[in-house]
Trainee: 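My questions will all concern the structure given below.
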Amino acid sequence: MATQNKNLSDFSHMEVASASPYRFGIVVSQWNAEVTGPLLEGAFDALTTHGAHEHAIKIIQVPGSYELTSGADMLLRDTSLDAVICLGCVIQGETKHFDYICSAVAHGITHVALKHNKPVIFGVLTTDNLQQALDRAGGRHGNKGVEAAITAIQMAALSAT
Ligand SMILES: Nc1c(NC[C@H](O)[C@H](O)[C@H](O)CO)[nH]c(=O)[nH]c1=O
Ligand SMILES: CC(=O)[C@@H](O)COP(=O)(O)O
């Protein structure tokens, strides 16, 4: 398995740009808050560790991952933002609802990024069960929030070139 015993959030091999020049938005869903809370903490800490100022990080909450698209669009009304990070956790239930949400969010986030010509980062866990999600929200497989934040910094720096 690609992720077996791997920390997916290890960026020690990478040169990460300074986040200090940039302003970031974070939209986080309230569904599965025991997972999205640690994702938000990981993202916020990664941004500030790499130089982002706390007042340069605007955070909003939405009910569920399906609303992340709308939340990202709302954040990007603020044209001073350099990148938006979307954080959510979708866990498979008994029906196809999981498939529709995951697909809608992935496509919706891409649409918002192209609409505003700004990086919108997909920091959404899409797991079979809660344990897989916890493993990727500060557990044995790292923190998807950290990964999304690093990606946001790199894309903001790229956009500035
Ligand atoms: N089951 C999960 C949901 N469901 C809610 C949807 O995201 C949405 O809020 C609702 O369909 C109304 O539009 N959301 C998650 O983030 N995670 C889930 O596991
Ligand atoms: C991903 C979901 O919306 C899921 O929690 C809903 O569960 P179910 O498919 O059993 O209705």
Side-chain angles (χ1 to χ4, degrees), residues 1-11 19 23-49 52 54 56-78 81-156:
M1 184 189 308
T3 57
Q4 191 152 10
N5 304 321
K6 253 189 178 177
N7 176 352
L8 302 171
S9 308
D10 178 6
F11 292 92
R23 290 177 45 74
F24 300 91
I26 302 177
V27 51
V28 57
S29 79
Q30 295 167 316
W31 256 80
N32 300 315
E34 70 271 41
V35 176
T36 61
L39 294 181
L40 175 60
E41 189 175 340
F44 186 88
D45 290 349
L47 291 175
T48 54
T49 297
E54 292 195 7
I57 303 171
K58 181 187 281 187
I59 301 171
I60 65 169
Q61 292 185 336
V62 294
S65 291
Y66 186 85
E67 286 73 38
L68 289 171
T69 300
S70 299
D73 196 47
M74 293 171 192
L75 276 174
L76 286 167
R77 290 176 193 155
D78 178 352
L81 294 180
D82 296 293
V84 167
I85 298 163
C86 298
L87 300 175
C89 175
V90 190
I91 299 175
Q92 178 65 62
E94 294 177 357
T95 70
K96 292 186 174 66
H97 199 225
F98 171 89
D99 299 328
Y100 286 94
I101 294 172
C102 295
S103 177
V105 173
H107 288 96
I109 285 175
T110 300
H111 173 74
V112 169
L114 296 174
K115 171 184 173 183
H116 294 275
N117 192 29
K118 292 281 179 68
V120 181
I121 310 305
F122 185 77
V124 183
L125 291 171
T126 56
T127 65
D128 295 331
N129 54 58
L130 177 59
Q131 188 56 54
Q132 285 180 351
L134 293 171
D135 287 345
R136 292 158 176 81
R140 64 196 180 102
H141 288 314
N143 189 315
K144 186 68 73 180
V146 171
E147 297 164 39
I150 300 297
T151 302
I153 296 167
Q154 299 292 76
M155 289 302 292

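For ligands, and for the atoms within them, numbers begin at 1 and follow the listed sequence. Numbers for residues simply follow the sequence, beginning at 1.
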Trainee: Please name the residue in the list Leu125, Asp99, Val124 that meets the side-chain contact (heavy atoms from CB on, under 4.5 Å) test with Val90.
Mentor: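 Output: one option passes, namely Val124.
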
Trainee: Consider every N or O of Thr95 and every N or O of ligand 2, then say whether any pair is closer than 3.5 Å.
Mentor: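 Yes - when backbone and side-chain N and O of Thr95 are compared with those of ligand 2, one distance drops under 3.5 Å.
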
Trainee: Could you tell me whether the side chain of Val84 reaches within less than 4.5 Å of the side chain of Ile121, counting heavy atoms only?
Mentor: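 A side-chain contact under 4.5 Å is absent here.
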
Trainee: Looking at non-hydrogen atoms alone, which of Cys89, Gly64, Ser65 comes nearest to atom 17 (N) of ligand 1?
Mentor: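 Among Cys89, Gly64, Ser65, the closest heavy atom to atom 17 (N) of ligand 1 comes from Cys89.
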
Trainee: So which protein heavy atom does atom 2 (C) of ligand 1 come closest to, and at what separation?
Mentor: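 Closest protein heavy atom to atom 2 (C) of ligand 1: Trp31 CE3, 3.2 Å.
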
Trainee: Just distances here: any N/O of Pro63 and N/O of ligand 1 closer than 3.5 Å?
Mentor: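 No; the residue has no nitrogen or oxygen that sits under 3.5 Å from a nitrogen or oxygen of the ligand.
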
Trainee: Do Lys58 and Leu75 have side chains that get closer than 4.5 Å, going by heavy atoms?
Mentor: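 They are in contact (side-chain heavy atoms under 4.5 Å apart), so the answer is yes.
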
Trainee: Would you mind reporting whether Thr110 and Phe122 have side-chain heavy atoms less than 4.5 Å apart?
Mentor: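 In short, these two side chains do not touch, never coming nearer than 4.5 Å.
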
Trainee: Is there a side-chain contact between Val120 and Leu76 (heavy atoms, below 4.5 Å)?
Mentor: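 A side-chain contact under 4.5 Å exists here.
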
Trainee: May I ask you to test the Leu47-Ile85 pair for a side-chain heavy-atom distance under 4.5 Å?
Mentor: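 In short, these two side chains touch, coming nearer than 4.5 Å.
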
Trainee: Quick one: does Met74's side chain get under 4.5 Å of Val27's, heavy atoms only?
Mentor: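 No; the side chains remain at least 4.5 Å from each other.
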
Trainee: Do ligand 2 and His97 have nitrogen or oxygen atoms that lie under 3.5 Å from each other?
Mentor: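 So ligand 2 has an N or O lying under 3.5 Å from an N or O of His97.
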
Trainee: So if I count the atoms of ligand 2 from 1 in the order they appear, which ones are less than 4.0 Å from some heavy atom of Gly93?
Mentor: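 Those of ligand 2 that fall under 4.0 Å from Gly93 are 7 (O), 8 (P), 9 (O), 10 (O).
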
Trainee: Which residue and atom name correspond to the protein heavy atom nearest atom 19 (O) of ligand 1, and how close is it?
Mentor: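 Of every protein heavy atom, Ile91 N, 3.0 Å lies nearest to atom 19 (O) of ligand 1.
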
Trainee: Quick check on contacts: which atoms of ligand 1 are under 4.0 angstrom from a heavy atom of Val90?
Mentor: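 The list of qualifying atoms is 17 (N), 18 (C), 19 (O).
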
Trainee: Can you find a heavy atom in the side chain of Thr48 that is under 4.5 Å from one in the side chain of Glu54?
Mentor: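 Side chain of Thr48 against side chain of Glu54, heavy atoms only: contact under 4.5 Å found.
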
Trainee: Under 4.0 Å from a heavy atom of Ile91: give me the atoms of ligand 2 that qualify, with their elements.
Mentor: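 Within the 4.0 Å cut-off of Ile91, ligand 2 contributes 1 (C), 4 (C), 5 (O).
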
Trainee: Quick one: which ligand 2 atoms are inside 4.0 Å of a heavy atom on Phe98?
Mentor: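 By the 4.0 Å cutoff, the relevant atoms are 1 (C).
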
Trainee: Between Asn32 and Cys89 (side chain of the first, backbone of the second, donor and acceptor by atom type, cut-off under 3.5 Å), is there such a pair?
Mentor: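 Judged by distance alone, yes, a pair lies under 3.5 Å.
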
Trainee: I'd like to know if the side chain of Glu67 reaches the main chain of Pro63, judged simply by a donor and an acceptor atom lying under 3.5 Å from each other, with no hydrogens or angles considered.
Mentor: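 It does not hold such a pair.
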
Trainee: What do you reckon, does His97 put a non-hydrogen atom under 4.0 Å from ligand 1?
Mentor: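 Under 4.0 Å: yes for His97.
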
Trainee: At a 4.0 Å threshold, what atoms of ligand 2 neighbour a non-hydrogen atom of Glu94?
Mentor: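 Matching atoms, with element in brackets: 8 (P), 9 (O), 10 (O).
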
Trainee: In terms of residue, atom name and distance, what is the protein heavy atom nearest to atom 13 (O) of ligand 1?
Mentor: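 Here the nearest protein heavy atom works out to Glu67 OE2, 2.6 Å.
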
Trainee: For ligand 2, indicate whether the residue Ile101 contacts it via side chain, backbone, both or neither (heavy-atom separation under 4.0 Å).
Mentor: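 Only the side chain of Ile101 comes within reach of ligand 2.
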
Trainee: Heavy atoms, side chains only, cut-off 4.5 Å: are Asp73 and His116 in contact?
Mentor: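 Sidechains of His116 and Asp73: in contact.
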
Trainee: Only heavy atoms count here, so choose which of Ile101, Val105, Thr127 is nearest to atom 6 (C) of ligand 1.
Mentor: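 Residue with the shortest heavy-atom distance to the ligand atom: Ile101.
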
Trainee: Give the numbers and elements of all ligand 1 atoms closer than 4.0 Å to a heavy atom of Tyr66.
Mentor: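 Near Tyr66, meaning under 4.0 Å from one of its heavy atoms, ligand 1 has 6 (C), 7 (O), 8 (C), 13 (O).
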
Trainee: Could you list the atoms of ligand 2 found under 4.0 angstrom from a heavy atom of Val90?
Mentor: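 Answer, ordered by atom number: 1 (C).
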
Trainee: Report, in ascending order of atom number, the atoms of ligand 1 lying under 4.0 Å from any heavy atom of Asn32.
Mentor: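 The atoms of ligand 1 under 4.0 Å from a heavy atom of Asn32 are 17 (N), 18 (C), 19 (O).
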
